[in-house]
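Residue numbers start from 1 in every chain, and the chains themselves are labelled A, B, ... in the order their sequence lines are given, proteins ahead of strands. FYI, side chains are in, hydrogens and waters are out, and symmetry mates aren't considered; it's all heavy atoms of this structure.
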Amino acid sequence: MDNDKDFENIESSSQKTEKRNFIRDIIDDDLKTGKYREVHTRFPPEPNGYLHIGHAKSICLNFGTAKDYDGLCNLRFDDTNPTKEDVEYVESIQEDIRWLGFDWGERMFYASDYFERLYDYAKTLIGAGKAYVDDLNADEIRRYRGTLTEPGKDSPCRNRTVEENLDLFERMRKGEFPDGSKTLRAKVDMASPNINMRDPVMYRILHATHHRTGDRWCIYPTYDWAHGQSDSIEGITHSICTLEFEDHRPLYNWFIEQLGIHHPRQVEFARLNLTYTVMSKRRLLQLVQEGHVSGWNDPRMPTLSGLRRRGYTPESIRLFADRIGVSKADSTIDVSVLEDCLRTDLNKRAARVMAVLHPLKLVIENYPDDLVEKLEAVNNPEDESMGTRKIPFSKTLYIEHDDFREDPPKKYFRLSPGAEVRLRYAYIVRCTGVVKDPNTGEITEVRCTYDPDTKSGSPASSRKVKGTIHWVSAGHAIDAEARVYDRLFNVPDPGGENWKESLNPNSLEMVKGCKVEPGLVVAKPQDRFQFERLGYYCVDDESKPGNLVFNRTVTLRDTWAKIEGK
RNA sequence: UGGGGCGUAGCCAAGUGGUAAGGCAGCGGCCUUUGGAGCCGCCAUUCGGAGGUUCGAGUCCUCCCGCCCCAGCCA
């Protein structure tokens with residue numbers, strides 16, 4: 001409930017007034033004509049991998065649409081292939097959907113719940129002369145299938161009697177035949193221009209242990225056979241799926257019609273593609289297995305667990321799903337859309353804090369040696385209710401290395417010899433010089449003087465200076481590590497066979513020796529902050545008291561980088 | 001070249017015969033103790049192309065072009 005409220009607050013204006021898309025048009029029509037009386041959808045993942053942002057689009061669509069129409073959405077695991085599936089995945093999938101903010105109530109199902117029923121349905125089809133046991137092996141089936149331009153030809157087994165088919169099918173179930181030696185096929189049309197109708201396989205023999213049914217079965221339904229009937233059994237009204245299943249729809253309809261059971265309506269939409277990443281399970285699995293990333297939840301991964309660890313919020317992902325819309329046109333969304341959704345959300349709720357990633361010592365020559373002032377800082381200028389805090393200020397500070405240039409370019413508003421800058425929430429200082437390492441020439445310290453009249457909040461503080469920089473007090477700051485993430489790939493579309501060549505070698509920079517304001521001692525994993533002027537960071541799961549680790553979630557919009565880049 | 005889909009701005013996307021919403025990106029400006037945020041403005045005489053119907057076409061018709069998917073006992 002809270003989530004919904006927050007979410008609505010994010011997107012205030014025009015966009016959220018009404019979500020329009022072709023699927024809602026279809027539903028409106030079905031409701032109006034009385035084809036269906038309510039809306040019942042389902043999200044049907046195969047538990048063979050972790051969910052990614054593309055699944056999030058589907059989850060938001062299925063759960064979101066059902067909710068908006070006061071309908072229901074089931075979670076169903078399409079677990080028809082025991083050789084690829086695992087409980088590890090069914091657990092992570094549930095966790096990710098819940099985290100995203102959706103709830104399937106008591107309606108969590110498995111296709112394997114229906115194995116017995118599917119078996120009976122199959123016998124019904126056999127009895128009606130609409131399915132047969134085939135002795136052809138995989139290779140032979142492929143050859144008999146024909147090609148895109150030539151029709152297939154009938155299997156020699158196609159005209160077995162009902163009795164023989166029934167007998168053989170029962171013996172398949174009993175385990176009398178080895179893997180791959182027989183299949184049950186639907187008897188449709190080997191000459192159909194739609195290859196999916198050329199007697200598709202319904203059951204294959206697989207002596208494999210299933211993560212739920214164990215060794216009870218040695219024949220398993222194919223997806224094509226199981227999916228539509230599972231939807232039907234659950235009373236699904238709208239089976240929303242991706243485009244590649246569009247030409248399977250005639251087959252699914254055929255099964256349903258032969259069986260005379262509840263007929264869901266399948267609607268297909270275009271799957272999500274995002275720039276600078278890959279989305280296929282095969283490739284994601286490869287990234288994990290070959291060690292290009294640390295795991296499924298590596299913060300650079302487009303998986304929900306990766307995005308979560310990176311610091312993405314469920315609200316930002318739901319907003320994203322809303323903004324990109326749904327259509328049937330193949331599309332690739334610019335990752336900046338996702339990033340903007342995140343900033344929109346975090347800007348309103350992340351507490352501001354000062355952190356220096358690359359510390360450079362700044363000494364205020366005319367500041368008393370032992371004085372420590374507690375200065376008041378605003379926690380979030382976007383939300384007054386988040387209050388203020390006190391931060392210590394002293395003679396020796398750390399500033400960002402980037403915020404000082406000995407030889408500043410034009411329009412550089414930060415510190416340089418002779419220049420004045422505002423120290424955020426503190427004083428205006430003027431740079432008086434630098435101290436260099438006599439051997440390396442490296443700047444080890446910046447010297448400055450401060451103007452005591454310009455303390456933040458005092459009347460004279462209204463004096464304008466061009467720049468404001470962040471800082472921490474050297475004697476009070478605590479150490480931290482920052483993991484600065486960048487896009488996983490160097491190119492917008494890492495497609496083709498050589499996709500791994502465009503992996504970004506600099507997608508992770510470990511920055512040790514960061515200095516952060518003392519209040520952060522209490523930060524716990526998943527806490528999110530805005531490091532002022534730098535970006536949004538969240539505490540990593542590996543972070544421990546005394547060994548703080550922050551992940552950079554996303555940078556702030558950086559106008560200066562843009563100017564300097566030109 | 002069989003079948004199924006899809007083409008509206010750099011990227012998405014509304015639009016349902018009445019004169020091209022919105023978002024992201026980009027570009028100007030205002031404002032600012034975050035080069036953040038916010039605010040204002042600009043950004044499609046035209047909807048893949050060509051014909052046709054109509055007083056009127058992104059929407060209807062015809063032809064053409066381009067892109068995606070399908071020949072797993074994967075999903």
(Q) Students often get this wrong, so: under 4.0 angstrom with heavy atoms, is A/S192 touching a base, only sugar-phosphate, or nothing? (A) nothing
*Kindly assign one of parallel, tilted or perpendicular to the pair A/W499 and A/F489, based on the angle between their ring planes and the thresholds 30° and 60°.*
tilted
Taking B/G35, B/G7, B/U33 as options, the one with an atom nearest any side-chain atom of A/R533 is B/G35
### Message
Say we look at B/U8 and B/A44: how far apart would their C1' atoms be, to the nearest angstrom?
### Response
8 Å
What does A/Y425 touch in the nucleic acid at a heavy-atom separation under 4.0 angstrom: a base, only the sugar-phosphate, or nothing?
-> base
Please state the C1' separation for the pair B/G10 and B/U19 - nearest whole angstrom. 26 Å
Fill in: B/G49 and B/G7, which share atom name C1', separated by this distance in whole Å
11 Å
Which of B/G5, B/C69, B/G35 is nearest the side chain of A/E244? It is B/C69
Please check if any side-chain donor atom of A/N380 sits under 3.5 Å from a side-chain acceptor atom of A/E382, or the reverse. no
In whole angstroms, the gap separating C1' of B/G35 from CZ of A/R405 amounts to 13 Å
A/E517 atom CD is separated from B/U34 atom P, nearest whole Å, by 16 Å
Original post:
Hey, does the side-chain of A/D247 have a donor or acceptor N/O within less than 3.5 Å of a partner on the base of B/G3?
Top reply: yes
inquiry  = Is it true that A/R271 and A/T242 share a donor-acceptor pair across their side chains at a distance under 3.5 Å?
reply    = no
Against the side chain of A/T147, the closest entry in B/G35, B/A71, B/A25 is B/A71
Taking a pair to mean Watson-Crick or G-U wobble geometry with both distances below 3.5 Å, B/C6 pairs with B/G66
Please give the distance between the C1' atoms of B/U1 and B/C43 as a whole number of Å. 43 Å
Legend entry - Sugar-phosphate only, base, or nothing, as touched by A/K411 at under 4.0 Å among non-hydrogen atoms: base
Worksheet item: Does the base of B/G36 carry an N or O that pairs as donor and acceptor with the side chain of A/E382 under 3.5 Å?
Response: yes
Taken to the nearest whole Å, CD1/A/I324 to P/B/A13 is 8 Å
| task | Establish whether the base of B/U1 is bridged to the side chain of A/T149 by a donor-acceptor pair shorter than 3.5 Å. | result | no
Contact class for A/I141 vs. all strands (heavy atom < 4.0 Å): base, sugar-phosphate, or nothing? base
Using the P atoms only, state how far B/C39 lies from B/G4, rounded to an integer number of Å. 49 Å
Query raised in the report: Considering only the C1' atoms, how many Å lie between B/C12 and B/A50, rounded to the nearest integer?
Result: 28 Å
Test for a donor-acceptor pair under 3.5 Å between the base of B/G35 and the side chain of A/R414, counting only N and O atoms.
yes
Heavy-atom nearest nucleotide on RNA chain B taken for A/D79 and for A/L556; more 5' hit belongs to A/L556
Quick note, A/I563 side chain, CB onward, closest among B/U33, B/A75, B/G35 is B/G35
Whole-Å distance, A/R204 CZ to B/G72 P, equals 14 Å
Check your understanding: A/V326 near the nucleic acid: base, sugar-phosphate alone, or nothing, with a heavy-atom cut-off under 4.0 Å?
Key -> sugar-phosphate
Take atom P in B/G51 and the same atom in B/U46, then report the distance between them in whole Å. 14 Å
With rounding to whole Å, what would you report as the distance between B/A14 and B/U59 at their C1' atoms? 13 Å
- Which word best sums up how the rings of A/Y450 and A/Y427 line up, parallel for under 30°, tilted for 30 to 60°, or perpendicular for over 60°? perpendicular
Picking from B/C24, B/C73, B/C74, the nucleotide nearest the side-chain atoms of A/K84 would be B/C74
Between A/D402 and A/H358, is there a side-chain donor-acceptor contact under 3.5 Å, judged purely by atom types and distance?
no
Regarding the side chain of A/R557, the nearest nucleotide among B/G5, B/U16, B/A25 is B/A25
Give A/G457 one of three labels, base, sugar-phosphate or nothing, depending on what nucleic acid heavy atoms sit under 4.0 Å from its own. base
Are any of A/R323's side-chain N or O atoms less than 4.0 Å away from OP1 or OP2 of B/A13? no
Base, sugar-phosphate, or nothing for A/E268, non-hydrogen atoms under 4.0 angstrom? nothing
Here the distance between atom P of B/G10 and atom OH of A/Y276, to the nearest Å, is 17 Å
**Request:** May I ask you to evaluate whether A/K328 reaches the phosphate of B/C69, defined as a side-chain N or O under 4.0 Å from OP1 or OP2?
**Result:** no
* To do: For A/Y412, report the nucleic acid contact type (base, sugar-phosphate, nothing); a contact means any heavy atom under 4.0 Å.
  => base
Answer yes or no: does a side-chain N or O of A/S327 lie under 4.0 Å from OP1 or OP2 of B/A13? yes
* Asked: So what does A/H248 hit on the nucleic acid, given a heavy-atom distance under 4.0 Å: a base, only sugar-phosphate, or nothing?
  -> base
With a 4.0 Å cut-off on heavy atoms, is A/S331 in touch with a base, just the backbone sugar-phosphate, or nothing at all?
sugar-phosphate
So what does A/K466 hit on the nucleic acid, given a heavy-atom distance under 4.0 Å: a base, only sugar-phosphate, or nothing? nothing
Could you tell me if A/S239 and A/D231 have a donor-acceptor pair between their side chains, going purely by distance under 3.5 Å? yes
- Tell me whether the OP1 or OP2 atom of B/C73 has a side-chain N or O from A/R145 closer than 4.0 Å. yes
Under a 3.5 Å limit on both distances, the Watson-Crick or wobble mate of B/G26 is B/C42
At 4.0 Å (heavy atoms only), tell me whether A/E246 reaches a base, stays on the sugar-phosphate, or touches nothing. sugar-phosphate
The Watson-Crick or G-U wobble partner of B/G56, with both key distances under 3.5 Å, is none
**Prompt:** Base, sugar-phosphate alone, or nothing: which one does A/N137 contact when heavy atoms must sit under 4.0 Å apart?
**Reply:** base
ask   = Using 30° and 60° as the class limits, which term best fits the ring planes of A/F169 and A/Y119: parallel, tilted or perpendicular?
value = parallel
A/P381 has its side chain closest, among B/G36, B/C73, B/U16, to B/G36
Taking for A/N347 and for A/T275 the nucleotide of RNA chain B with the nearest heavy atom, the one nearer the 5' end belongs to A/T275
Rounded to whole Å, CD1 of A/I333 lies from P of B/C11 at a distance of 11 Å
Side-chain contact check for A/D25: nearest option of B/A14, B/U16, B/C68 is B/U16
### Query
Does any donor atom in the side chain of A/Y144 or A/D199 lie under 3.5 Å from an acceptor atom in the other side chain?
no
Looking only at B/G2, B/C68, B/A75, the nucleotide nearest the A/L148 side chain is B/G2
Distance col, row A/L534:CG vs A/M354:CE, nearest 0.5 angstrom, shows 11.0 Å
Of B/C69, B/C74, B/G35, the nucleotide closest to the side chain of A/D558 is B/G35
Measure the acute angle between the ring planes of A/F550 and A/F531, then classify it against the limits of 30° and 60° as parallel, tilted or perpendicular.
perpendicular
Polar pair under 3.5 Å, donor/acceptor by atom type, side chain A/R422, base B/U33: yes
Between CD of A/E150 and P of B/G3 the distance, given in whole Å, is 14 Å
Contact class for A/T80 vs. all strands (heavy atom < 4.0 Å): base, sugar-phosphate, or nothing? sugar-phosphate
Between CG of A/N196 and P of B/C73 the distance, given in whole Å, is 11 Å
